[in-house]
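In this chain, numbering begins with 1 at the start of the sequence shown.
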Amino acid sequence: MADTKIQPSLMFQGKAEEAMNFYVSLFPGAEVLGIIRHGPDGPGAERSVMKASFRIGTQTILCTDSTVKHDFSFTAAFSFFVECDSEAEIRRLHDALAAGGTAAMPIASYGFSRMFAWVNDRYGVSWQLNLP
C-alpha cells in the first residue's frame, strides 16, 4: 500500500479546462501538469478534456469533462481547505472564488480562527478558506 496515490478528481460537463485554468490562476506556483483531449472520434466532444491534471501547492488534482450527461454536480460535503497566510490573501481568494458562485459562510470570525469563509465557486466546487 505504500505506493497508493490518492488524488481528488473533479468531473465537469464541458468546463474542465476553464475551471482548471481559473484555479491555477489563483494560486502562486500552481500549474497545469498535463491535458489529454478527446479527438474527432469521441467519445466526448472534440477537444474536450479526457483527462487533465494540475497542481496547487503540493496537491495534484485531476479533472475531466464527462462524456455522459448526468443530473448530479459537486456537493459541499467535499471541499478544498485552504490555509491562508494573510487577510489580503483570504479576501482575494474569497472574492475570486465567490464571483459567480455563492458564499455559504461569508468572511468572518466564527470563533475557531481569525477569519474563515466557505464558498461554492461558479463551477460548483466548494472551498473553505481559513486564516488561523
Side-chain angles (χ1 to χ4, degrees):
M1 283 294 256
D3 292 47
T4 302
K5 277 189 163 184
I6 299 175
Q7 299 170 308
S9 181
L10 304 173
M11 183 173 61
F12 298 89
Q13 293 193 62
K15 299 282 186 177
E17 186 170 12
E18 180 182 311
M20 174 177 61
N21 288 331
F22 173 61
Y23 301 144
V24 166
S25 76
L26 296 178
F27 297 93
E31 64 180 328
V32 172
L33 301 173
I35 186 166
I36 300 170
R37 300 177 189 284
H38 288 284
D41 298 326
E46 187 173 5
R47 307 234 3 103
S48 65
V49 175
M50 180 186 299
K51 180 180 178 184
S53 61
F54 60 103
R55 185 182 51 74
I56 298 174
T58 60
Q59 181 64 60
T60 298
I61 302 161
L62 307 175
C63 67
T64 187
D65 281 319
S66 178
T67 59
V68 177
K69 275 285 203 200
H70 48 78
D71 292 332
F72 58 87
S73 185
F74 298 106
T75 170
F78 174 88
S79 61
F80 289 103
F81 191 93
V82 181
E83 290 281 354
C84 299
D85 292 327
S86 67
E87 183 175 337
E89 181 183 28
I90 193 172
R91 290 192 183 282
R92 178 184 64 79
L93 289 172
H94 172 272
D95 292 349
L97 291 165
T102 60
M105 293 175 72
I107 291 180
S109 174
Y110 293 96
F112 51 83
S113 66
R114 284 189 288 164
M115 295 180 87
F116 179 84
W118 196 324
V119 299
N120 297 309
D121 69 29
R122 66 189 83 165
Y123 306 103
V125 176
S126 185
W127 298 80
Q128 294 183 62
L129 308 173
N130 188 53
L131 179 62

**Student:** Please collect all ring pair (Phe, Tyr, Trp, His ring centres under 6.0 Å) contacts where either partner lies in residues 27-66, sequence neighbours excluded, each pair once.
**Tutor:**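 Residue pairs with at least one partner in residues 27-66: F27-W127.
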
**Student:** Is there a path of hydrophobic side-chain contacts, each under 4.5 Å between heavy atoms of I, L, V, M, F, W or Y residues, that connects M11 with I35?
**Tutor:**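 They do not share one cluster, since no chain of ILVMFWY contacts under 4.5 Å joins M11 to I35.
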
**Student:** Taking only residues two or more places apart in sequence or in another chain, which ones pass ring-ring contact (aromatic ring centres under 6.0 Å, His included) with F12?
**Tutor:**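 Expected list: F74.
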
**Student:** For C84 versus L129, what's the shortest heavy-atom pair and its separation?
**Tutor:**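 Looking at all heavy atoms of both residues, the shortest contact is SG-CB, 4.5 Å.
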
**Student:** Shortest non-hydrogen contact from F78 to S126?
**Tutor:**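 Closest approach of F78 to S126: O-CB, 3.4 Å.
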
**Student:** With side chains defined as the heavy atoms from C-beta onward, is the minimum distance between Y123 and S73 less than 4.5 Å?
**Tutor:**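 Y123 does not reach S73 side chain to side chain.
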
**Student:** Using the test side-chain hydrogen bond (donor to acceptor under 3.5 Å, both in side chains), find all partners of S79 that sit at least two apart in sequence or belong to another chain.
**Tutor:**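 Checked S79 against side-chain hydrogen bond (donor to acceptor under 3.5 Å, both in side chains); matches are Q128.
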
**Student:** Looking at SG of C63 and CD of Q7, how far apart are the two atoms once the value is rounded to the nearest 0.5 Å?
**Tutor:**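 That separation rounds to 11.5 Å.
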
**Student:** Residues in side-chain contact (heavy atoms from CB on, under 4.5 Å) with S25, at least two apart?
**Tutor:**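 Once residues adjacent in sequence are excluded, the partners of S25 under the side-chain contact (heavy atoms from CB on, under 4.5 Å) criterion are F22.
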
**Student:** Is it the case that one hydrophobic cluster holds both V125 and L62, taking links as side-chain heavy atoms less than 4.5 Å apart, direct or via other members?
**Tutor:**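 Not linked; separate clusters.
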
**Student:** Kindly give the cluster partners of I6, where membership spreads through any ILVMFWY side chain lying under 4.5 Å from a current member.
**Tutor:**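 Cluster partners of I6: none, it stands alone.
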
**Student:** CE of M50 to OG of S48: how many Å apart, nearest 0.5 Å?
**Tutor:**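 Result: 8.0 Å between the selected atoms.
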
**Student:** Among Ile, Leu, Val, Met, Phe, Trp and Tyr joined by side-chain contacts under 4.5 Å, find the other residues sharing a cluster with L33 and list them by chain and number.
**Tutor:**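 Reading the cluster by chain and number, L33 sits alone, since nothing else belongs.
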
**Student:** Hey, can you pull the donor-acceptor pairs under 3.5 Å for the side chains in residues 102-116, sequence neighbours left out?
**Tutor:**
from: S109; atom 1: OG; to: S113; atom 2: O; distance (Å): 3.4
from: Y110; atom 1: OH; to: P106; atom 2: O; distance (Å): 2.7
from: S113; atom 1: OG; to: M115; atom 2: O; distance (Å): 3.1
from: S113; atom 1: OG; to: N130; atom 2: OD1; distance (Å): 2.8
from: R114; atom 1: NE; to: P132; atom 2: O; distance (Å): 2.7
from: R114; atom 1: NH2; to: P132; atom 2: O; distance (Å): 3.1

**Student:** Got a second to check how far I61's CD1 is from S53's OG, nearest 0.5 Å?
**Tutor:**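 Atom-to-atom, I61:CD1 and S53:OG are 10.0 Å apart.
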
**Student:** Quick one: ring-ring contact (aromatic ring centres under 6.0 Å, His included) partners of F81, sequence neighbours excluded?
**Tutor:**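 Once residues adjacent in sequence are excluded, F81 has no partner under the ring-ring contact (aromatic ring centres under 6.0 Å, His included) criterion.
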
**Student:** Sort and list the pairs that fulfil side-chain hydrogen bond (donor to acceptor under 3.5 Å, both in side chains) and have at least one residue in residues 55-72, not counting sequence neighbours.
**Tutor:**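 Qualifying pairs: Q13-H70, E31-R55.
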
**Student:** Examine I36 and M20 and state if one hydrophobic cluster contains both, with Ile, Leu, Val, Met, Phe, Trp and Tyr joined whenever side-chain heavy atoms are less than 4.5 Å apart.
**Tutor:**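 Different hydrophobic clusters.
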
**Student:** Output every pair passing salt bridge (charged side-chain N to carboxylate O under 4.0 Å, His left out) with a member in residues 43-54, not counting sequence neighbours, ordered by first then second residue.
**Tutor:**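 For residues 43-54: none.
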
**Student:** For residues 14-26, which residue pairs pass the salt bridge (charged side-chain N to carboxylate O under 4.0 Å, His left out) check, not counting sequence neighbours?
**Tutor:**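 Listed once each, the pairs are K15-E18, E17-R37.
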
**Student:** Can you give each donor-acceptor pair under 3.5 Å made by side-chain atoms of residues 90-98, sequence neighbours left out, with the distance rounded to 0.1 Å?
**Tutor:**
from: R91; atom 1: NE; to: E87; atom 2: OE2; distance (Å): 2.9
from: R91; atom 1: NH2; to: E87; atom 2: OE2; distance (Å): 3.3
from: R92; atom 1: NH1; to: L26; atom 2: O; distance (Å): 2.8
from: R92; atom 1: NH2; to: L26; atom 2: O; distance (Å): 3.0

**Student:** Do side-chain atoms of N120 reach the backbone of G124 as a donor and acceptor pair under 3.5 angstrom?
**Tutor:**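 No, N120 side chain to G124 backbone: no donor-acceptor pair under 3.5 Å.
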
